[in-house]
Amino acid sequence: MKPRVRFAPSPTGFLHIGGARTALFNWLYARHTGGTFVLRIEDTDTARNTQAAVDVILDGLRWLGLNWDEGPLTSDATGASKGEFGPYFQSQRKENYRRRVEALLSRGLAYESEGAIKFKMTRDPILIPDLVVGDVERKLTDREEIDPDFVIVRSDGEPVFHLVNVIDDLEMNITHVIRGEDHLSNTAKHIALFKAFGVEPPKYAHIPLILNPDGTKMSKRDQGALMTAYMDGGYLPEAVVNYLCLLSWSPKDNREKIPLADVVEKFDLPQILRANAKFDHDKLLWLQGEYARELSSDRFYELCVHALAKSGIDTNQFPVDYVKAALDTCKGKIRLFTELSAYAGFYFRENVEYNSDGAKKDFIPENKPRLQKLRDAFAALEDFVAANLETTLKTVAKELEVKAGVLVHPARLACTGNTAGPSLYHLLEVLGKDRVL
RNA sequence: GACCCUAUGGUCUAGCGGUUAGGACACUGCCCUUUCACGGCGGUAGCUCGGGUUCGAUUCCCGAUAGGGUCGCCA
């Protein structure tokens with residue numbers, strides 16, 4: 001039987017990077033085994049659920065390229081879905097829960113208590129066979145010794161997570177539960193519930209958590225925790241996915257940058273590491289640079305135009321060839337697309353704002369006649385192309401008996417306002433003779 | 001407090017009884033480039049501690065320590 005796995009987020013907050021990694025590992029396992037990846041929305045906390053959060057889940061998974069075989073097609077709980085095991089929103093599955101609770105009640109496996117319904121939990125230690133951690137024997141804690149039973153239906157009639165999670169996994173024929181290690185202790189409850197329903201529990205794989213750089217648990221409030229930070233932050237999905245693959249998993253062949261297809265081929269549950277991993281933003285940025293550098297020009301161009309538009313620069317107001325030539329000088333230079341407007345915005349702005357540190361260093365009295373001479377030499381050029389500009393600048397430098405850098409820096413600053421940027425000669429060519437002079 | 005998981009440089013990791021402990025990010029020196037970036041060649045830095053087992057432990061076992069998780073009418 002082909003594995004059926006699921007990602008079952010609750011839309012009580014925006015999708016975070018840890019959730020995305022859990023989704024990724026489920027997706028990888030499904031793709032590796034030829035199984036099915038199910039997306040289920042656990043919206044039982046009516047007070048905290050938002051449709052906006054569902055949107056972010058769907059958009060985030062799509063952005064990462066983690067397509068699901070079954071699950072909702074829209075963020076509307078009553079909207080369309082695909083798959084034979086729907087609905088895929090728990091808010092639409094209440095009848096199932098009611099029936100199952102009824103069964104437990106009638107068999108004396110659950111009972112009412114202060115308006116709520118509690119499950120009769122065994123007092124014996126429960127063995128949790130886990131594909132990544134190994135066999136775990138979970139004993140009761142001291143508080144559980146006092147009362148091991150737990151609520152499965154709240155006094156307001158709403159079923160709780162432990163119950164609905166198990167019922168849905170059971171009814172959706174989920175074979176492997178791949179989830180964060182924060183669920184490991186709770187799995188004893190889930191196994192007991194499966195047994196109460198007379199069903200063999202699925203196989204479990206509890207994956208390590210992603211921690212903040214300081215080792216504390218990453219929560220929604222932490223820097224870089226939200227998926228939207230990457231989606232809106234100028235990142236490439238392939239870089240984010242690649243980086244996520246490297247947290248608690250490794251191809252074991254010293255590769256860092258690895259095509260997703262290769263990960264799909266090599267990925268398996270037993271090879272997942274058992275220790276929590278701290279999120280290393282620098283390494284993500286490095287991967288981002290690696291992927292950004294080898295983007296096709298079309299995609300690079302498209303992403304640049306989009307990023308510039310977001311920062312208020314409308315490239316449509318410029319000739320297509322000009323825009324392309326300008327962006328070509330940035331290829332391989334920038335990592336994040338959000339850097340672009342600062343890096344290359346001068347191509348698209350009327351006035352140049354001079355970097356003050358640069359101005360202090362380069363706009364000094366003795367540079368004025370030098371720049372004047374350089375300008376005159378440029379003005380005399382017929383073919384205003386990079387190669388000619390370079391030889392001209394170097395010739396002028398020689399005549400002035402100064403190093404090329406003495407001209408390069410003030411020229412760059414004068415034309416772009418920046419102290420760093422694309423190749424000077426190429427950017428001058430793109431800007432064109434008139435504007436440069 | 002109890003229960004559970006974990007432990008290789010600052011970070012992510014390779015290693016699965018005998019290795020000069022390998023790679024990557026970060027940091028750093030030099031080269032390339034008279035910007036920045038890329039690239040090339042170097043460098044600093046690691047097996048948490050204590051007991052066993054063994055001829056021999058980073059590797060196996062136990063303990064300690066540390067970190068993380070869980071014990072909710074949140075998920």
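Quantities reported herein were computed from a predicted structural model and do not represent experimental measurements. A, B, ... follow the sequence lines: proteins, then strands. Residue 1 opens every chain.
One C1' atom belongs to G23(B), the other to C4(B), and the distance between them is 33 Å to the nearest Å. Between C73(B) and G69(B), the distance separating the two C1' atoms is 22 Å to the nearest Å. On the P atoms, A24(B) is 22 Å away from C31(B), given to the nearest whole Å. Taking atom P on both nucleotides, U70(B) is separated from A75(B) by 14 Å, rounded to a whole Å. Spacing between U59(B) and A14(B) at atom C1', rounded to whole Å, works out to 13 Å. Only the P atoms considered, A57(B) is 28 Å distant from U44(B), to the nearest whole Å. Distance noted for atom P between G22(B) and C47(B): 13 Å (whole Å). With both ends at atom C1', the span from U11(B) to G52(B) equals 33 Å, rounded to whole Å.
If you take CG of N367(A) and C1' of U34(B), they are 14 Å apart, rounded to a whole angstrom. Summarising the geometry, the separation between CD1 on I272(A) and P on C12(B) is reported as 17 Å, rounded to the nearest angstrom. A straight line from CG of N254(A) to P of C25(B) spans 12 Å, rounded to a whole angstrom. For the pair L246(A) CG and A26(B) P, the interatomic distance rounds to 14 Å; values are reported in whole Å. Protein atom CD of E256(A) is 13 Å distant from nucleotide atom C1' of A26(B), rounded to whole Å. Taking atom CG on D253(A) and atom P on G15(B), their separation rounds to 11 Å, with Å as the unit. Between the P atom of A24(B) and the OH atom of Y291(A) lies a distance of 17 Å, rounded to the nearest Å. A straight line from CG of L428(A) to P of U35(B) spans 15 Å, rounded to a whole angstrom.
One distance of note links CG of L15(A) with CG of D59(A); it measures 10.0 Å at 0.5 Å rounding. Rounded to the nearest 0.5 Å, atoms CG (L244(A)) and CG (L24(A)) are 5.5 Å apart.
Under the Watson-Crick and G-U wobble criteria, each requiring two contacts below 3.5 Å, nucleotide C55(B) is paired to G18(B). With a cut-off of 3.5 Å on both pairing distances, the Watson-Crick or G-U wobble partner of U70(B) is A2(B). Base-pair partner of U34(B): not found among the strands shown (Watson-Crick or G-U wobble, both distances under 3.5 Å). Nucleotide A26(B) forms a pair with no other nucleotide shown, judged by Watson-Crick or G-U wobble geometry with both contacts under 3.5 Å. Under the Watson-Crick or G-U wobble criterion, with both distances below 3.5 Å, A7(B) is paired with U65(B).
Taking only side-chain nitrogens and oxygens, K252(A) never comes nearer than 4.0 Å to OP1 or OP2 of U13(B). Checking the phosphate oxygens (OP1, OP2) of C36(B), no side-chain nitrogen or oxygen of T329(A) falls inside 4.0 Å.
Residue contacts for V408(A): at a heavy-atom cut-off of 4.0 Å it reaches no nucleic acid atom on any strand shown. Residue-level contact check: K331(A) touches neither bases nor backbone, having no heavy atom under 4.0 Å from any strand. At a threshold of 4.0 angstrom between heavy atoms, the contacts of Y243(A) with the nucleic acid are absent. Heavy atoms of A275(A) sit under 4.0 angstrom from primed sugar atoms or phosphate atoms, though from no base atom. Contacts of L273(A) with the nucleic acid, taken as non-hydrogen atoms under 4.0 Å apart, involve only primed sugar atoms and P, OP1 or OP2.
Distances from the side chain of D280(A) to the nucleotides U35(B), A14(B), C25(B) place C25(B) closest. Proximity note for K333(A) (side chain, C-beta onward) versus U6(B), A37(B), A24(B): the nearest is A37(B).
Between L39(A) and L58(A) the shortest side-chain heavy-atom distance falls below 4.5 Å.
Counting only N and O atoms by type, the side chains of R179(A) and T187(A) include a donor and acceptor under 3.5 Å apart. S296(A) and D298(A) form no side-chain donor-acceptor contact under 3.5 Å, judged by distance and modelled atom types alone.
The local environment of NE2 in H32(A) is crowded, with over 12 non-hydrogen atoms from other residues, nucleotides or ligands closer than 6.0 Å.
A donor-acceptor pair is defined here as one N or O able to donate and one able to accept, closer than 3.5 Å; such a pair exists between the side chain of N49(A) and the backbone of D45(A). Within the 3.5 Å criterion, the main-chain N or O of K118(A) finds no donor-acceptor partner in the side chain of D149(A).
Comparing R412(A) and S248(A) by the nucleotide of RNA chain B whose heavy atom lies nearest to each, the residue mapping closer to the 5' end is S248(A).
Y235(A) has its ring centre no less than 6.0 Å from the ring centre of F337(A).
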Starting at the 5' end of nucleotides 61-75 of chain B, put B wherever the base has a protein heavy atom under 4.0 Å, S where only the sugar-phosphate does, and a dash everywhere else. -------SBSB-BBB
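Between the side chain of R274(A) and the base of U6(B), no donor-acceptor pair of N or O atoms lies under 3.5 Å. The base of A24(B) sits with one of its N or O atoms less than 3.5 Å from a complementary donor or acceptor on the side chain of K283(A).
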